[in-house]
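Worksheet: the structure to be examined is printed underneath.
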Amino acid sequence: MQPQTTIELSQTKSEAEEEEEHVEGEEREEQQSLIGTREVNCDIALTSSSCKESSDNGEPPNQSSWPHVILYLLSTLAVVGIVAFVSPFSPLAIFDAKDQPAMDSSSSSLLVEATTSFEVQARKDVKKQQQISNYIKGTAIIRNIHITHHAGTSICGQMKRLGPTPAFACMGKGKYNATLDHPWPTEEALANSHLNKQDSNYTAEWVKFWRPYFHFKSDEYQKFGDLHKTNWEYENLVSMIVMRDPLERFLSGGKCGAFHAKLGDPTEDNQDMYWEYANSACADNYALRVLANESSQNCVHGEDTSIACLESAKNLLNRFTFILDNSCLADSMVALGDALNLTITKEGFESRLHHEHPPTRDRLGNDTLYEYVKRRFRRDIELYEWSKERSIVVCDVL
């Protein structure tokens with residue numbers, strides 16, 4: 001039995017030694033793990049105190065950390081390179097900016113003008129909304145700028161149904177005495193009104209005088225209208241104008257000047273008179289002449305009419321509250337009614353005076369005359385085309 005005990009003790013001792021070696025092995029692995037962690041941390045933070053300890057102890061740094069250091073440096077350089085490429089303040093960006101042509105004064109000026117134009121238009125839109133609101137509240141009046149043969153009769157017919165207006169074409173007293181539907185100031189009131197366009201308060205005084213009588217009033221123009229002095233931005237004035245295709249107006253029922261009585265629709269027999277009419281002063285860029293500013297009242301010269309004359313008329317139109325396109329007058333008036341809280345329907349525009357016509361070229365029956373009129377009235381046509389895009393209804397998209 002003694003040998004057996006010795007063997008058991010030997011086995012017990014061996015098991016104890018193996019257990020001790022196992023514990024020591026685990027401790028060594030743990031220490032190596034800590035050392036590895038510190039090496040990685042040193043690779044990331046080269047200035048940490050734990051990294052300095054190894055150097056202070058005189059021990060050489062762990063050689064296995066250098067690949068990590070090199071990898072870290074390369075990664076850092078890559079990041080810096082990307083930042084340098086995309087940053088607007090990087091040397092690369094500055095270099096590129098130097099290579100690019102500098103914005104010249106004209107480009108800079110155009111940018112400033114575009115920004116200013118946007119701001120001005122925004123302010124105009126706010127004022128127009130105020131005008132509309134004041135009309136609905138009953139403090140503003142509608143003033144129609146009626147260029148002859150621009151649907152003045154049809155507009156007036158609608159407005160008469162909606163409230164008091166002047167009797168004759170919504171412009172004047174008419175043949176009869178003032179009525180409830182068509183009141184008119186007394187002669188004494190007119191004499192004391194002192195409505196003078198040269199007065200800076202003219203627009204406010206005009207509204208103050210006429211608004212107690214009418215909700216709508218029209219003024220007709222056949223030539224220079226001197227319209228630029230009016231304060232179209234005045235909060236109690238809603239302004240409107242109907243624009244018409246100049247070639248259609250050229251063939252409208254009532255011709256201008258002496259041609260009104262003697263010239264009907266084009267035929268083979270009156271072609272010579274139509275050539276005379278096309279070259280007349282009264283037909284020359286008809287609407288443009290009405291709308292040009294004071295300094296441009298003599299700027300209408302047929303095909304040679306200046307761009308400045310055209311731009312002055314655009315500036316005026318842009319100040320009006322509403323622009324309507326005669327080519328879809330019914331839809332435009334319905335939209336006007338919607339904006340002003342008025343009940344206007346398309347049916348009110350069914351009239352023998354305003355019906356569809358064949359194309360202007362076909363009506364003239366003379367291609368040479370047609371092309372000549374297009375050239376002579378080109379600025380008026382440009383004005384109409386410009387106004388179409390600013391109409392309360394864009395007829396071309398209907």
Side-chain angles (χ1 to χ4, degrees), residues 117 145-151 220-228 241-260 263 265-266 270-320 323-329 332 356-391 393-397:
S117 177
I145 304 305
H146 173 208
I147 299 175
T148 305
H149 305 311
H150 280 221
E220 186 174 8
Y221 299 90
Q222 298 178 345
K223 53 185 179 180
F224 173 63
D226 195 20
L227 295 170
H228 289 251
I241 186 170
V242 176
M243 297 298 290
R244 186 177 185 182
D245 184 338
L247 299 183
E248 289 187 0
R249 183 183 57 250
F250 178 71
L251 294 175
S252 62
K255 308 298 187 293
C256 64
F259 301 94
H260 178 73
L263 193 58
D265 289 338
N270 62 11
Q271 288 293 303
D272 289 343
M273 187 173 293
Y274 259 95
W275 274 101
E276 183 180 350
Y277 176 41
N279 284 283
S280 67
C282 73
D284 187 6
N285 291 280
Y286 195 91
L288 181 58
R289 185 176 65 249
V290 172
L291 300 172
N293 64 22
E294 183 176 10
S295 61
S296 302
Q297 59 181 307
N298 296 317
C299 68
V300 174
H301 300 293
E303 188 176 349
D304 297 326
T305 299
S306 68
I307 189 68
C309 190
L310 171 64
E311 291 301 321
S312 72
K314 287 181 181 180
N315 290 337
L316 179 63
L317 288 180
N318 203 35
R319 297 173 62 192
F320 293 156
I323 299 174
L324 285 70
D325 186 351
N326 187 72
S327 66
C328 60
L329 184 61
S332 297
E356 294 293 329
H357 292 289
T360 306
R361 182 189 291 271
D362 296 342
R363 292 180 67 192
L364 277 174
N366 187 325
D367 288 349
T368 304
L369 176 59
Y370 174 76
E371 294 298 334
Y372 175 77
V373 170
K374 280 180 61 179
R375 291 195 306 273
R376 188 160 195 257
F377 301 161
R378 67 188 183 103
R379 296 301 190 196
D380 216 1
I381 294 172
E382 290 174 24
L383 179 64
Y384 172 64
E385 293 297 328
W386 178 89
S387 71
K388 286 169 60 176
E389 299 302 317
R390 291 153 180 82
S391 172
V393 173
V394 180
C395 303
D396 292 343
V397 301

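We count residues from 1, following the sequence as given.
The main-chain N or O of Q271 is never found under 3.5 Å from a side-chain atom of E276 such that the two would form a donor-acceptor pair. Put simply, the side chain of R319 gets close to the backbone of H228: a donor and an acceptor are under 3.5 Å apart.
Of all the heavy atoms in D325 and S332, the pair that sits closest is O-OG, 3.7 Å. Nearest heavy-atom pair, C282 versus Y286, reported as atom, atom and distance to 0.1 Å: O-CD1, 3.1 Å. The shortest non-hydrogen separation linking R363 to P358 is CD-O, 3.4 Å. The minimum heavy-atom distance between N285 and R376, with the atom names listed, is ND2-O, 3.2 Å. I145 approaches I241 most closely through the heavy-atom pair O-CG1, 3.4 Å. For K255 against H149, the heavy-atom pair with the smallest separation is N-NE2, 4.3 Å.
With salt bridges taken as basic N to acidic carboxylate O contacts below 4.0 Å, one links D367 and R361. Using a cutoff of 4.0 Å between basic side-chain nitrogens and carboxylate oxygens, R379 and E303 are not scored as salt-bridged.
Once rounded to the nearest 0.5 Å, the distance linking OG of S312 with CG of L291 reads 8.5 Å. The distance from atom OG1 of T148 to atom NZ of K223, rounded to the nearest 0.5 Å, is 11.0 Å. To the nearest 0.5 angstrom, S391 atom OG is 10.0 Å from D396 atom CG. How far CH2 of W275 is from CG of N270: 13.5 Å, rounded to the nearest 0.5 Å. Here the straight-line distance linking atom CD of E311 with atom OG of S306 works out to 9.5 Å at 0.5 Å rounding. Note that the CG atom of L317 and the CZ atom of R390 stand 9.5 Å from one another [nearest 0.5 Å].
Residues S327 and Y384 meet the side-chain proximity criterion, which asks for heavy atoms closer than 4.5 Å. Between L310 and K314 there is a side-chain heavy-atom pair separated by less than 4.5 Å. D245 places none of its side-chain heavy atoms less than 4.5 Å from the side chain of N326.
Taking the six-membered ring where the residue is Trp, Y277 and F250 present parallel rings, their angle staying beneath 30° rather than reaching 60°.
Looking at residues two or more places apart in sequence or on another chain, you find no side-chain hydrogen bond (donor to acceptor under 3.5 Å, both in side chains) involving E248. Taking D265 as the reference, nothing meets the side-chain hydrogen bond (donor to acceptor under 3.5 Å, both in side chains) condition, with sequence neighbours excluded.
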### Task
Take C309 and H301, measure what side-chain contact (heavy atoms from CB on, under 4.5 Å) needs, and give me the verdict at the end.
CA-CA 10 Å; C309 190; H301 300 293; over 6 Å; no
### Message
Walk me through whether L247 and Y370 qualify under side-chain contact (heavy atoms from CB on, under 4.5 Å).
### Response
CA-CA 9 Å; L247 299 183; Y370 174 76; 3.9 Å; yes
### Task
Test side-chain contact (heavy atoms from CB on, under 4.5 Å) on L227 and Y221 and set out the steps.
CA-CA 10 Å; L227 295 170; Y221 299 90; 3.5 Å; yes
### Task
Given side chain to side chain donor-acceptor pair (under 3.5 Å), test R249 with H150 step by step and report yes or no.
CA-CA 8 Å; R249 183 183 57 250; H150 280 221; 2.9 Å; yes
### Query
side-chain contact (heavy atoms from CB on, under 4.5 Å) between N279 and D284: does it pass, once the steps are laid out?
CA-CA 7 Å; N279 284 283; D284 187 6; over 6 Å; no
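Side-chain polar atoms of Y274 and N366 form no donor-acceptor pair below 3.5 angstrom.
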